[in-house]
Amino acid sequence: QVQLVESGGGLVQAGGSLRLSCAASGRTFSRYAIGWFRQRPGKEREFVTTITWSGGRTSYADSVKGRFTISRDNAKNTVFLQMNSLKPEDTAVYYCAAREGTSYRTIYTGEYEYDYWGQGTQVTVSS
């Protein structure tokens, strides 16, 4: 079992930055791939980014590529999402999710591929 807690959300002006954290419980965190998803107002939840358990591979949605960076610190059981050049359309509830990785290279981008979810953190970007 893995429990996930997101933090770091808030209100920021367009062009600003935020860093989200996803803190995980469990001794085997280093074996879990972590993904970030978001749900914008009136929209379905969508993939944002993911990182393999080793941290060696990442993948990003086109809408955030070049602006967002995912990283992990397995010693601290934490994954970070650095969000720069934020836009009003980035306003959403951001969720982190975890699943046990089957290999150090496999990338998981589908919601259905993840077994554990956090409660979400609100990010609001004002224009």
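Note that these values count all heavy atoms, side chains included, but never hydrogens, waters or copies made by symmetry.
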Any side-chain heavy-atom pair from Val123 and Leu18 closer than 4.5 angstrom? yes
Checking Ser103 side chain against Thr106 main chain: does a donor-acceptor pair fall under 3.5 Å? yes
Show your reasoning for whether ring pair (Phe, Tyr, Trp, His ring centres under 6.0 Å) applies to Phe29 and Trp53. CA-CA 8 Å; Phe29 173 75; Trp53 60 262; over 10 Å; no
Heavy-atom nearest pair, Val2 first then Ala24, reads CG1-CB, 4.1 Å
Salt bridge or not for Glu46 and Arg38, using N-O below 4.0 Å? yes
Heavy-atom closest pair, residues Thr50 and Ile34: OG1-O, 2.9 Å
So does Asp62 pair up with Lys65, basic N to acidic O under 4.0 Å? yes
Identify the two heavy atoms, one from Cys96 and one from Leu4, that lie closest to each other, and give their separation to 0.1 Å. O-CD1, 3.6 Å
Nearest-0.5 Å distance that lies between atom OG in Ser21 and atom CG in Asn77: 12.5 Å
Measure centre to centre between the rings of Tyr60 and Phe47, then say whether the value is under 6.0 Å. no
Atom pair CG (Asp73) and OG (Ser30), whose distance is rounded to the nearest 0.5 Å: 11.5 Å
Can you tell me if Gln3 uses its side chain to pair, donor with acceptor, with the backbone of Ser25 under 3.5 Å? no
With sequence neighbours excluded, residues passing ring-ring contact (aromatic ring centres under 6.0 Å, His included) with Tyr95: none
Centre of Phe80's six-membered ring, under 6.0 Å away, within 45 degrees of the axis: is that where NZ or CZ of Arg72 sits? no
Does Gln13 form a side chain to side chain contact (heavy atoms under 4.5 Å, CB included) with Val125? I'd like the steps, not just the answer. CA-CA 5 Å; Gln13 288 189 328; Val125 184; over 6 Å; no
Which heavy-atom pair separates Leu20 from Met83 by the least distance, and what is that distance? CG-CE, 3.8 Å
So, do Asp90 and Arg67 sit near enough that their side-chain heavy atoms are less than 4.5 Å apart? yes
Tell me which one of Tyr112, Tyr114, Tyr94 satisfies ring pair (Phe, Tyr, Trp, His ring centres under 6.0 Å) with Phe37. Tyr114
Can you name the nearest heavy-atom pair linking Val5 to Gln119, along with the distance? CA-OE1, 3.8 Å
With sequence neighbours excluded, what pairs up with Arg57 under the salt bridge (charged side-chain N to carboxylate O under 4.0 Å, His left out) test? none
Looking only at heavy atoms, what is the nearest atom pair of Thr78 and Lys76, with distance? OG1-O, 2.8 Å
Is there a path of hydrophobic side-chain contacts, each under 4.5 Å between heavy atoms of I/L/V/M/F/W/Y residues, joining Val93 to Trp117? yes
Set out, in order, the CA-CA distance, both residues' side-chain angles and the distance that settles side chain to side chain contact (heavy atoms under 4.5 Å, CB included) for Tyr116 and Arg99, then state yes or no. CA-CA 7 Å; Tyr116 306 101; Arg99 65 151 293 152; 5.9 Å; no
Audit row: Tyr108, Thr52, side chain to side chain contact (heavy atoms under 4.5 Å, CB included) steps and yes/no: CA-CA 8 Å; Tyr108 305 99; Thr52 54; over 6 Å; no
Would you check if Thr124 and Val12 make a side-chain contact, meaning some heavy-atom pair closer than 4.5 Å? no
By side-chain hydrogen bond (donor to acceptor under 3.5 Å, both in side chains) - contacts of Gln82 (at least two apart): Asn84
Thr49 side-chain N/O to Ser59 backbone N/O, donor-acceptor pair under 3.5 Å: yes
